[in-house]
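Here's the structure, in structure tokens; my notes come after.
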Amino acid sequence: MAEVQKSDNPLDDVFTEFLQSPRVFKNRDVLTDRYIPDKLPHRTTQIKALGYTLASILRGARPSNVFLYGKTGTGKTAVAKFVLKNLAAKAKEQGYDMSTAYINCHTVDTNYRVFAELCHFLDVKVPFTGLPTDEVFNRFCTALDEKNTLFVIVMDEIDLLVKKSGSETLYQLTRINTVLEKSRVSIVGISNDLKFKEYLDPRVLSSLSEEEIVFRPYTAQELNDILNDRAHMAFNDGCIDDAVIPLIAAIAAREHGDARRAIDLLRVAGEITERNGDSIITPKHVRMAHDAIERNTVSEVVTTLPIQSKLLLTAIYLQYREREKNDETGVTTGDAYQQYIELCDYMRMEPLTQRRISELINELDLLGIISARVVSRGRYGRTKQITFTVSTRLVHDALSSDIGLKKFLNFS
DNA sequence: TGTCCACTGGAACGTACGGCTT
DNA sequence: AAGCCGTACGTTCCAGTGGACA
């Protein structure tokens, strides 16, 4: 009789184990970014406000432009998508043509890209570079007018676009209705930055913020409700310890009431539970998930950094560690730059100027790895005080994955 | 109260490159 | 192929600045 051949594919074990392990998730998708829930707890006021503003579409009129303000994870994007989804259905019922475009200005951050992206929504092909911006704008206008529609453009993280490329795009968009003959455009701007209006050109400001809706951060109790809702849909009954949701809510409330982070944490805790072959999510899994998320973000950000930024981060790390030993806090731009030059010397690389390094420090700050605060030390001048916002151990680990940098990390 | 440090950060400009139009 | 145009990444120049200190 033929002997049963044992496969030496290591994945067999993984798959068998996975299939045999207890199932915690009923529907994992409800804990991802893509999911738009049917109800948004504690956001009724904002939903109604946005609904009222955009409702004129139901009479075929162009609604006012709206601005949604609030910190990350306060439900701005979810509310906007929720309202537009419902509105589109209602408009169709009333026989009006309405379309929406969603643009995230985090990636679409130049005038050219915004119009190119809008063209894509209308199925107009444009190259990602090469054309004059005016030409792309004209193609967009022509295509839009042909559609004879009410076009709502949601611009998420709009502050990033303005900070990088100025108010020009928004100016053109707010004026576009004077160019169009048949179609009409409304803009829903979403910003994390409450001070964003200060950067805005006054001409744009007046027409763009015809209406404003503010989103305050969720409290621990509100996060608790949101998580309960989602957990109910996502997990099988009895798979979640009673202490888990209050714990996640408390962690997220401490970290600025960010619901997205809270939901992420819940999802990862579930994944870890399944992977461990456990059947109930406990606070232990939550803490493991918290650790894993931080580790992942740091390592992802650090490994994808360009070489100069990595070198700079190494320099900051070395200086920071040195200062820590002497019970001093904070590295200044000057310290970091000196150390950076030294590292460039070892690597036989041409160093960047201090001006450029100052900019790269700001970028690292934006990425959430470090915090760079401008301080004045009186007669010792003005500088940035740099500290790490994530654990230095994680930064060390992420940097050591680069062979070229590893040897510097144990330098003193 | 004025000085002065160690920068910051805006502005203008240069270079390399991809890709379009003519 | 030449002439544009946009993007990315960088440099140079320099006015401006908060606050400790003489």
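- Ring-plane geometry between A:Tyr69 and A:Phe67 is classed as parallel, the angle between the planes falling under 30 degrees on a 0 to 90 degree scale with a further cut at 60.
- Atoms CZ and CD, from A:Phe408 and A:Gln339 in turn, are 9.5 Å apart once rounded to the nearest 0.5 Å.
- Taking the six-membered ring for Trp and thresholds of 30 and 60 degrees, A:Tyr317 and A:Phe388 have ring planes more than 60 degrees apart, a perpendicular arrangement.
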For this session: Summarise protein proximity over nucleotides 5-12 of chain C in one line of letters, 5' to 3': B for base, S for sugar-phosphate only, - for none, counting protein heavy atoms closer than 4.0 Å.
Result: BBSSSSBB

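- Between B:dT8 and A:Ser358, a contact under 4.0 Å exists linking OP1 or OP2 to a side-chain N or O.
- Partners of A:Asn177 by side chain to side chain contact (heavy atoms under 4.5 Å, CB included), not counting sequence neighbours, listed by chain and number: A:Arg62, A:Leu180, A:Arg184, A:Val185.
- Distances shown here put a side-chain N or O of A:Thr332 below 4.0 Å from the OP1 or OP2 atom of B:dC7.
- Among the atoms of the strands shown, only primed sugar atoms or phosphate atoms (P, OP1, OP2) are found under 4.0 Å from some heavy atom of A:Gln354.
- The closest side-chain donor-acceptor pair between A:Lys384 and A:Thr332, if any, does not fall under 3.5 angstrom.
- In this structure, CZ of A:Arg379 is placed 12 Å from C1' of B:dA6, rounded to the nearest angstrom.
- Atom CD of A:Gln385 is separated from atom P of C:dG19 by 13 Å (rounded to the nearest Å).
- Taking the side chain to side chain contact (heavy atoms under 4.5 Å, CB included) definition, one finds that A:Arg216 meets it with A:Arg43, A:Glu222, sequence neighbours left out.
- Following rounding to the nearest Å, A:Tyr337 (OH) and B:dC7 (C1') show an atom-to-atom distance of 13 Å.
- The phosphate of B:dC7 has neither OP1 nor OP2 within less than 4.0 Å of any side-chain N or O from A:Lys384.
- Following rounding to the nearest Å, A:Arg373 (CZ) and B:dC7 (P) show an atom-to-atom distance of 16 Å.
- Atom CD in A:Gln338 sits roughly 12 Å away from atom P in B:dA6 (whole-Å rounding).
- Among the protein residues, A:Arg139 comes within range of the sugar-phosphate backbone only, with heavy atoms under 4.0 Å from sugar or phosphate atoms but none that close to a base.
- Between A:Arg113 and A:Asp109, at least one side-chain nitrogen of the basic residue sits less than 4.0 Å from a carboxylate oxygen of the acidic one, meeting the salt-bridge criterion.
- C:dA20 atom P lies 11 Å from atom OH of A:Tyr380, rounded to whole Å.
- For the pair A:Arg377 CZ and B:dT3 P, the computed distance is 22 Å after rounding to whole Å.
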